[in-house]
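Each remark here refers to the structure printed beneath this line.
Computed from a prediction, not measured in an experiment: that's the story for all the values here. Proteins get letters first, then strands, A, B, ... in listed order; numbering begins at 1 in each.
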There are 2 protein chains.
Amino acid sequence: MASKGEETRKRILDTAQDMILDHGYAGVSIDQLIKRLGLTKGAFFHHFKSKGDLARTLIRRYADDGVQLFKESLARAKKLSDDPLQQFLILIGLYEEIFAGLTEPYPGCLLASYVMEMQQFDVETREIINIEFYLSRRELTKLIGQISEKYPPNIDIDPVALADGFMSLFEGAFILSKSLGEARITVQQIRNYKN
Amino acid sequence: MASKGEETRKRILDTAQDMILDHGYAGVSIDQLIKRLGLTKGAFFHHFKSKGDLARTLIRRYADDGVQLFKESLARAKKLSDDPLQQFLILIGLYEEIFAGLTEPYPGCLLASYVMEMQQFDVETREIINIEFYLSRRELTKLIGQISEKYPPNIDIDPVALADGFMSLFEGAFILSKSLGEARITVQQIRNYKN
DNA sequence: GTAGATACATACCATCCGGTATGTTTTATG
DNA sequence: CATAAAACATACCGGATGGTATGTATCTAC
């Protein structure tokens, strides 16, 4: 079992993430955060040496979780099919499942949230964001490349642009869903787009 | 010609928008803003009665400009063709032109920026954002509906979902372009998606 | 030209902010 | 059970923040 300290640290991270997705990073003060947690300044600064440290830790965790989820999902997809197109469709299906299971107050993407106030963060934090996007792009491009090799499209395509398009659709859906309430359909819509 | 006061007011709005797109709304203080403008507190609070007033005015202007641009572009498209599909493609082309003309430090969308710290704003400000998205969705849905009537698709589609998909792609492209530098290709990519 | 409105500047304030110094309690370990 | 480290609490600080009160210059209209 996790020690008391680690548990508190996790609680801080979780609550901070919730609040940042609603108010933005600069819009969340440490005072507000610890008040909601029922903690004190001493407790917070015992776990994080600054607010920027919290921001870095938070986005690193988010990015790492995202990478792991992608790896696991891709592994599952590869186990279920040898065909790259089928793998891609399964992959999307798995993500669809996850987002369909989420309750109404739609969370949003922490990466996008950070990007919107990029200049607020130090270089290291910004680097984490960039790496995450480049990584996603690379993996998606690889998959799409495999698909277009096996199923030569009638029009010539740019796998990188297609990967970007997919990611854009993904991130944009978060924005819409937040302002309109629900847009999970969009994720499902992607499947129609593929051919 | 605009009076001196109106000019200053416009300068405040323009500079504020620039700064908010880089630092987020909460990340921009009035002190920082007026310092960059070479103004004083008195000047600012003469033009806006609070920071929230600035936020509201700013997003209203942005939304109104967006609506007008859409109307003008659609009118131009309708003048150039009677076919709804062609109109849609021309419309996209016009937007593509605009974004292709922008210089490297990619601005971003103020609406998306606000959405990321939605709880920071009063109900009226949030309402402006919601209305803007609903309006865009309605207009796009109408257009797509006309297209699918004239060119019955081989799979049955949901015009609303397609409109959402388009908007998502649009908004998401802003995020990617901001974190990776350039993604205007994505806009062009949309054209391939249509058929 | 002068009265009033508009457009700014100056000085100030209460509160909040991130951060620190220092204390107290709890927990793990020998 | 003693002890030290870890986990938290309390109290405080300098500066930033949004906002106000009040003054002054500039412009406009009669």
With a cut-off of 3.5 Å and sequence neighbours excluded, list every side-chain donor-acceptor pair involving residues 30-49 of chain B.
from, atom 1, to, atom 2, distance (Å)
B/Asp31, OD1, B/Lys41, NZ, 3.2
B/Gln32, OE1, B/Ser29, N, 3.1

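Rounded to whole Å, the distance from NZ on B/Lys10 to C1' on C/dA7 is 19 Å. Per the geometry, CD1 belonging to B/Ile34 stands 11 Å off C1' belonging to D/dG18, to the nearest Å. Between the CD atom of B/Glu7 and the C1' atom of D/dC27 there is a distance of 15 Å, rounded to whole Å. Protein atom CD of B/Glu6 is 14 Å distant from nucleotide atom C1' of D/dC27, rounded to whole Å.
Taking 4.0 angstrom as the limit, A/His47 places a side-chain polar atom (N or O) nearer than this to OP1 or OP2 of D/dC8. OP1 or OP2 of C/dA7 lies within a sub-4.0 Å distance of a side-chain N or O belonging to B/His46.
Among pairs with a residue in residues 58-67 of chain A, those fulfilling side chain to side chain donor-acceptor pair (under 3.5 Å) read A/Asp14-A/Arg61, A/Gln17-A/Arg61, A/Arg60-A/Glu124, at least two apart in sequence or across chains.
Tracing side-chain contacts under 4.5 Å through hydrophobic residues (I, L, V, M, F, W, Y), one reaches B/Leu54 starting from B/Leu110; they form part of the same cluster.
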Output one letter per nucleotide in nucleotides 16-29 of chain C: B when a protein non-hydrogen atom lies under 4.0 Å from the base, S when only the sugar-phosphate is that close, - when neither is.
-SBBB---------
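The cationic atom of B/Lys51 (NZ for Lys, CZ for Arg) lies less than 6.0 Å from the six-membered ring centre of B/Tyr25 and within 45° of the ring axis.
Remark: B/Lys79 NZ is loosely packed, at most 12 non-hydrogen atoms of other residues, nucleotides or ligands lying under 6.0 Å away.
Between B/Tyr114 and B/Phe121, the angle of the ring planes stays under 30°, which puts this pair in the parallel group of the 30/60° scheme.
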